[in-house]
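Only one structure is covered here, and it is reproduced in the block below.
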Amino acid sequence: MSQVNRLGLGGCIDRTQTYTFTFNGNQYTGFKGDTLASALLANGVSIVNRSFKYSRPRGIVAAGAEEPNAIMQLGATEAAQVPNIRATQQALYSGLAARSTNGWPNVENDAMGLVGKLGGPMMGPGFYYKTFMAPASMWMTYEKLIRKAAGLGRSPKEKDPDQYDHYHRHCDVLVIGAGPAGLSAALAAGRSGARVILCDEQEQMGGHLLDTRDQLNGQAANLWVTQVLAELASMPEVLLLPRTTANGLHDHNFATLHERRTEHLADTAPDANQVRSRMHHVRAHQVILATGAHERPLVYANNDVPGNMICGAVSTYIRRYAVIPGQRLVVTTTNDDGYRAALDWTEAGREVVAIVDARPNPEGDCVKEARKKGIRIITGSAVFEAKGTKRVTGARVSGVDPATFTLTGTKEDLACDTIASSGGFSPVVHLSAHTGTRPIWRDDIIGFIPGNVKGLTPVGAVKGVYALDRILAEGAEAGSKAALASGFSVSGIELPSVTKQLESKPIALFQVPHEKPTMRAPKQFVDLQNDVTAAGIELATREGFESIEHVKRYTALGFGTDQGKLGNINGMAIAARLLNQTIPETGTTVFRPNYTGITFGAIAGRHCRDLFDPERYTALHAWHLQRGAKFEDVGQWKRPWYFPVGNETMHDAVQRECRAVREKVGILDASTLGKIDIQGKDAREFIGRVYTNKWAQLGVDKCRYGLMCKDDGMVMDDGVTTCLGDNHFLMTTTTGGAAAILEWLELWHQTEWPELEVYFTSVTDHWATMTLSGPKARDLLSEITDIDLSKDTFKFMECRQGQVAGVPARVYRISFTGELTYEINVQANYAMHVWKALFAHEHTYGLTPYGTETMHVLRAEKGFIIVGQDTDGSVTPEDLGMQWCVGYDKPFSWIGQRALSRPDTRREDRKQLVGLKPVDPKVVLQEGAQIVLDPTQSIPMKMVGHVTSSYFSPTLGHGFALALLVSGSKRMGEKVYMPMADGKVIEAEVVSPIFLDPKGVRQNV
Amino acid sequence: MQRYSGFGLAKHALTHNENWQRLWRNPTPKKKYDVIIVGAGGHGLATAYYLAKEHGITNVAVIEKGWLGGGNTARNTTIVRSNYLWDEAAALYEHAMKLWEGLSQDLNYNVMFSQRGVLNLGHTLQDMRDIQRRVNANRLNGIDGEVLDTQQVQEICPILNCSADARFPVLGASWQPRAGVARHDAVAWGFARGADALGVDLIQQTEVIGMRIEDGQIVGVETNRGFIGAETVGCVAAGNSSVLAKMAGIKLPLESHPLQALVSEPIKPILDTVVMSNHVHGYASQSDKGDLVIGAGIDGYNGYGQRGSYPTIEHTLQAIVEMFPIFSRVRMNRQWGGIVDTCPDACPILSATPVKGLFFNCGWGTGGFKATPGSGNVFAWTLAKGYAHPLAAPFSIDRFVSGKLIDEHGAAGVAH
Amino acid sequence: MSKVAVFNQCPGSEVMAESPLAHQSSVKGGRALIVTEHAFLGHLILRGQADNESLKSAVLSVVGVELPLQPLTFVLNETTGASVQWLSPDEWLLILPAGQEYEVEQNLRQQISGHFSIVNVGGGQTLLRLKGDKVFDLLSKSCVYDVHERNFPVGKAVATTFAKATAIIRRPNEQEWELVIRRSFADYCYRWITDAGREFDLTFTV
Amino acid sequence: MLHIFCPYCGEHREEAEFRPKGQAHIARPLSPEQCSDEEWAEYLFFRDNPRGIHHELWVHATGCRKFFNVTRHTVSYEILETYKMGEKPKVTAESLAKGGRS
């Protein structure tokens, strides 16, 4: 098909660049500069979609973000699929492949249309709440059918090949919208030297000036646009962002701008290094809102038949794209702007059948111009019904009295294929309302304007100013004021001359009455995308949905991808009339981000895949990788979980690693432990306040285990702290708790005890920690250290300084495995050297690297807890049987102490940490298994605790577990039961949580 | 009350839908009621409905400062499940679940309760331990659920990224088949219609501005339309509880935070179940209309603004793209915020207060919607009898003094 | 015996040190964005009261620069390359030429009286130098902080977020920027920078 | 997203650098063991949670790591002042009521 509706001249399109594209499998051509919508119209495509509920044929209505019908599935390949593209905002490119989102077998002939026709009367708002209830079991089946009919486009089924990113920007003045108001504001602000960002959602900046009939300085307005843009582009501190939608304006003038960088070029970024789109996170000192206004269509019967459009869109297609969307036009309007469409149409050489004006005596300049051109004007009237099904074939016109909502006078049918309507303008106030400010209704402009928002200045059409000279002047003033407020001196700009147009006042008309009552008239659509009709709104108000929020939710008004840009005000006005209220009484809708939809990928930015969350590595990570370690995620850290050899299973590897530590020597990379250097004369006092146990007597080079509670008495962290000097301690924390504990210490110091002389510094990353554990640890370490390791010189729970493999090191003789253990700490840059030096003796001593799983088995054999695994935020030190670690008589009431004497923490039947030994030694209890005393009871069973840690011990030769059990400490020797999901009941004996070497002989050798 | 049915729809179609009745009246407040409920959200309306239906107390007013069902009932992500860890919480939520299962029929209003199952993903070994613990507890409490491995998760949700090289690979999940979603607005409207039909006065656009207390006994509430008397007052006003409590001279262990949610544009059915992940902080389901309904986290600061911070939304969508890489090109349509009253133990308060006759039902945090019928049911019982329903008793405000908290942070988490 | 344990943590030159990026390889690209790791410098955290005169005089005599008391600034000793950076009202970061940290710490400790602490953190962080026309763009993609020259003149130093990690950003001269990043996050930062810098054809030398 | 003035760094910084830490000026009782259970619960759990002016504690987590106080309106989210630890707020609900501002 050729471009039957393309005009021979004009438009901001590049006719030398022809693009071929497909729509619903048919091939068409368009030009560079077209949108998908303008190209479809150029090719005479009328039906672009089927409606959501009634499957009625739908055509293009608008030319911008407010388009409700032309919603497309885009993409030539599976991975490049994009659902719900607005054809009016999608630039045409070569090879673009678009499909309608609804319609089967196709949009021209849709089988569901019949259902819509027949079932329509039963499918009023909320019909599904009133049915599908019996029998109850059938709902899930009904729901499947409902779901199938729902949705617009579809998600791709493959990963997105494109990349996205974020850009944090800061500016003095952010100008949103590059129409006349925005351009003059940006120019005024830019000339002051302020940092200015000007963004506009369209392919080209200029807004209304790109298709206005008004002239600037006696020339076409877009010449002025070009000139201003050139000056702005030359200013180093001005950033121009075309194709960039301000989609959210958040607290304290934080705006999110979505810039489409390659979406106008191809399905996927032409160059793999390009980002498809970019979110600019802008913190602006001042924001100028120059977002203009959307034209409102009139609501009349069959106003959804293809060929019904808004007036402004008709002008835009003719003037900007050189496309005329029909042959014979009827305009129905409440204001002067409607006339422009007729004038543009007739100048393009096609027939204007009539302009139907709801005003009795319109007298503006364009009215005169229309008269001069011989266009028939029918005043005091409106189109109340469109004729046709797949395309408008005529318009039914009648006199109308908006005040009484009645038709008057005689009726007349006009033959036409296009009806353009204008019911006035709705300022695009959306962004001003995102932080909760309500827009304000103005009767004089028949629209809402932005409420007061700190740091935000609305200018131009968005505040109901429609005269071009005033728009330009206000823009310039706002730009200057914003720059001034940001501390810049301004000199103003010279404004272009505008020929004054005399305008006559618009009239308020939203729904055009019909000869039949609304409930019986042909459908009068308010929200085209969601098939919300005036009758639907009437039904909602009849049923008691009187708040506008109720009406919206009951009818789905404004819930589409267009978010009701065309329909919301009409819907409100209709509800107001039905409820006999004013529009402000009826209430405004709440506008929320986004202004227009943005892909998840763009919002996620670069923070996906391996950059979703940082992976933290120790200094030995590369070695672990090379050794074939399997890793466990612990917080953000990647920790070796176990080191399989050959085809070993995890169980085999862990058993081998455990035996190696118990029999020879193993090594663990413990670098992830949190480490905090604490210095100051009150360091000891401070530590005594935050730990449960006593620190007053700890000598230099001695280590001690400590427990930390919150002030509710519940255990929150643990670790070993070493006294390095009288005023110097090194605290270790759990891997996951490192950052939180440092902040915790700072919190107490800064807010409660600033008088204590103490400083905390994180050294987690500075020190690499290698835990050498096992009976051969001393022999191995002595090969490469100058530290005297002899039993009586370097005792258990002591620290020494010396050289290990030629590297200065602090060695702590502490043990989490129960074996003879040396924790070697070196400056992390030298860790690999030391580690490798140890492994030079691997075969002599049977040195075996072990991971976290083996560490867990070994520590559990000793009854050592893991905070967060054996505790859950509801466990006190006493519950853990760790009274030995509680300084009840410390002079300062340490954090957590007071809470331990509350009624619930004093209870005798609290859950306490115990060991469990399965009666069947082969059994390994399930971690998380719930414990009962009587397995024969019926459900719900009385549960008395749960298994927190459970392993098979190669040393003990049987499975064993730690558990929290009600009155556990008094149940030693009793049997408890774990009823499992497979129906089996597992029996275990309550034992001490210390399974191995309760006297601690092995670690003291 | 006009009964709804498919037959009724056809009948009304013939008369151009001109004879549908109001779902509720718009009554003028009386001087005195037996019970006043402050807050016409789902919980308050359910309380009124059950007071009338199960306790025969129909001289009840529900006072709402805005429009009914307009608070968190209208702002949540509609997930319904009962797989809570501790016995007390599980019992309460399971009580709600059982009511959900017959709610559409009971109310003669289709609340579109869709038992499509909920997956709670585990990404770390500790996640999986917690999941085992919770599912075992659920099973012994008579609540359905099972622990799935990665393969089984993938079968239930084929579009979920279960690959081993994900930043936080899916190690497994808990699965509650009876859980699902419901149409949130319909829940409020159904309860409102039911309560109204039983004689309850639903008084909208009326704000409580004070509590009248005489000798330690509540005698009524001051409103912007004058005083309304009642010797039993139940406050069920999520997002406003501390403010109401202050009117009665009471302080609560609550903080009100913004909780955000968002929806995508509608797309064809692709996600047939509810997927939640505490670890990567995202959860999603797909509404019957086709929108992906996505929950974001709580903002850390107090806020009554019904909006939160953009980074929270951003982080949530990063999680969603991590979980569902194919959604990268699906567009987010709109975001919004609710105000959640959070308790230190992530469990609600259903409690008498030091003021005689004054009760509070609050602190549901992010977990309120799923409890709606259960909460209303036990709170109605509590108001009718003057003392706590056995299922409500553990949720007394006294627990913060005794220390007997019910710490559901694990099960409540970020996700709801 | 001193109440604080201080020791020389650097071995002799026979021990091979490994930077946090030792396992990563360099990226060859253009000159619009050049990132170079400067590993193994001495990093000390100094804490104390800003009104402690001995602190100020010690820093001046040992490092040769005035202790910066103005928030978000750092002072560079052009001769030695040592710098002292304000981190918070009672906290400074000293970055020293490799191997000097022990001597500097000892000298400072001798001269400072009253309540203070000095901690060697050199193993825990590394320094990247960035230059080229696209540094502003890379930083703007990565940090919420405003790195525009009007807000970030030479001599400024700011601790802030860097992607999902943290970093210190410093501007030692008109041409160069510095990033101080934590060891355990270094690989993440490397991946982030190489990914975000791809469109600028970055060069990354480790 | 909030824009918060750090009183230690002396400039406005993005919310992403901060963490909120709840109501400000909650002092730990000096003699915890002398507190009743009710008093201890009050300190641990009970908060003003006002709709309006709120004094709250924040920490400049990725900046100077200092804790400080913010006076913020919990509906408009407007920040009326920030002040250092140990200082008292200049703006309170009472002072605003007296001054006639809201």
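What you see is a predicted model; the values in this text were computed from it and never measured. Just so you know, these numbers use all the heavy atoms, side chains as well, and skip hydrogens, waters and symmetry mates. Labels below follow one simple rule: chain letters A, B, ... track the order of the sequence lines, proteins then strands, and each chain is numbered from 1.
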Non-hydrogen atoms of chain A under 4.5 Å away: do they reach the side chain of [X], the backbone, both or neither?
| X | answer |
| --- | --- |
| L44(D) | side chain |
| I79(D) | both |
| M1(D) | both |
| F68(D) | neither |

Criterion side-chain contact (heavy atoms from CB on, under 4.5 Å) on T245(A) and E259(A), from CA distance to verdict:
CA-CA 6 Å; T245(A) 306; E259(A) 181 190 12; over 6 Å; no
Any chance you could measure C709(A), atom SG, to I895(A), atom CD1, to the nearest 0.5 Å?
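Separation between the atoms: 9.5 Å.
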Measuring from Y164(A):OH to C608(A):SG, what's the distance to the nearest 0.5 Å?
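Spacing of OH (Y164(A)) from SG (C608(A)) equals 9.5 Å.
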Side chain from CB out, backbone as N, CA, C, O: work out which of these in A899(A) comes under 4.5 Å of a heavy atom of chain D, or both, or neither.
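Looking at A899(A), backbone and side chain both touch chain D.
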Part of L747(A) within contact of chain D (heavy atom distance under 4.5 Å)
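It is both, since atoms from each part get that close.
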Which residues satisfy the side-chain contact (heavy atoms from CB on, under 4.5 Å) test with A41(D), sequence neighbours excluded?
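Result, side-chain contact (heavy atoms from CB on, under 4.5 Å) vs A41(D): V401(B), F46(D).
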Take L742(A) and F760(A) through the side-chain contact (heavy atoms from CB on, under 4.5 Å) test and state the conclusion after the steps.
CA-CA 7 Å; L742(A) 179 63; F760(A) 315 95; 3.8 Å; yes
Criterion side-chain contact (heavy atoms from CB on, under 4.5 Å) on V287(A) and I176(A), from CA distance to verdict:
CA-CA 8 Å; V287(A) 177; I176(A) 301 169; 3.8 Å; yes
Which pair of heavy atoms, one from A482(A) and one from V173(A), lies closest together, and at what distance?
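Taking A482(A) first and V173(A) second, the nearest heavy atoms are CB-CG2, 3.8 Å.
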Does a side-chain heavy-atom distance below 4.5 Å link P450(A) with P439(A)?
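Sidechains of P439(A) and P450(A): no contact.
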Which side chain or backbone donor-acceptor pairs connect chain A with chain D at less than 3.5 Å?
from    : atom 1 : to     : atom 2 : distance (Å)
H252(A) : ND1    : H3(D)  : N      : 2.9
H252(A) : NE2    : Y77(D) : O      : 2.8
R283(A) : NE     : E14(D) : OE1    : 3.1
R283(A) : NE     : E14(D) : OE2    : 3.1
R283(A) : NH1    : M1(D)  : O      : 3.0
R283(A) : NH2    : M1(D)  : O      : 3.0
R283(A) : NH2    : L2(D)  : O      : 3.0
R283(A) : NH2    : E14(D) : OE1    : 2.7
K454(A) : NZ     : E78(D) : OE2    : 3.2
D711(A) : O      : W40(D) : NE1    : 3.3
D711(A) : OD1    : R28(D) : NH2    : 3.1
D711(A) : OD2    : R28(D) : NE     : 2.6
D711(A) : OD2    : Y43(D) : OH     : 2.7
E743(A) : OE1    : R19(D) : NE     : 3.2
E743(A) : OE1    : R19(D) : NH2    : 2.4
E743(A) : OE2    : K21(D) : NZ     : 2.4
Q750(A) : OE1    : F67(D) : N      : 2.6
Q750(A) : NE2    : R65(D) : O      : 3.1
E752(A) : OE2    : R28(D) : N      : 2.8
S893(A) : O      : R28(D) : NH1    : 3.0
S893(A) : O      : R28(D) : NH2    : 3.0
S893(A) : OG     : E33(D) : OE2    : 2.5
W894(A) : O      : R28(D) : NH2    : 3.2
R898(A) : NE     : P32(D) : O      : 3.2
R898(A) : NE     : C35(D) : O      : 3.2
R898(A) : NH1    : D37(D) : OD1    : 3.4
R898(A) : NH2    : C35(D) : O      : 3.0
R898(A) : NH2    : S36(D) : O      : 3.4
R898(A) : NH2    : D37(D) : OD1    : 2.7

Quick one: do V690(A) and L745(A) satisfy side-chain contact (heavy atoms from CB on, under 4.5 Å)? Show the steps, please.
CA-CA 8 Å; V690(A) 295; L745(A) 302 181; 4.0 Å; yes
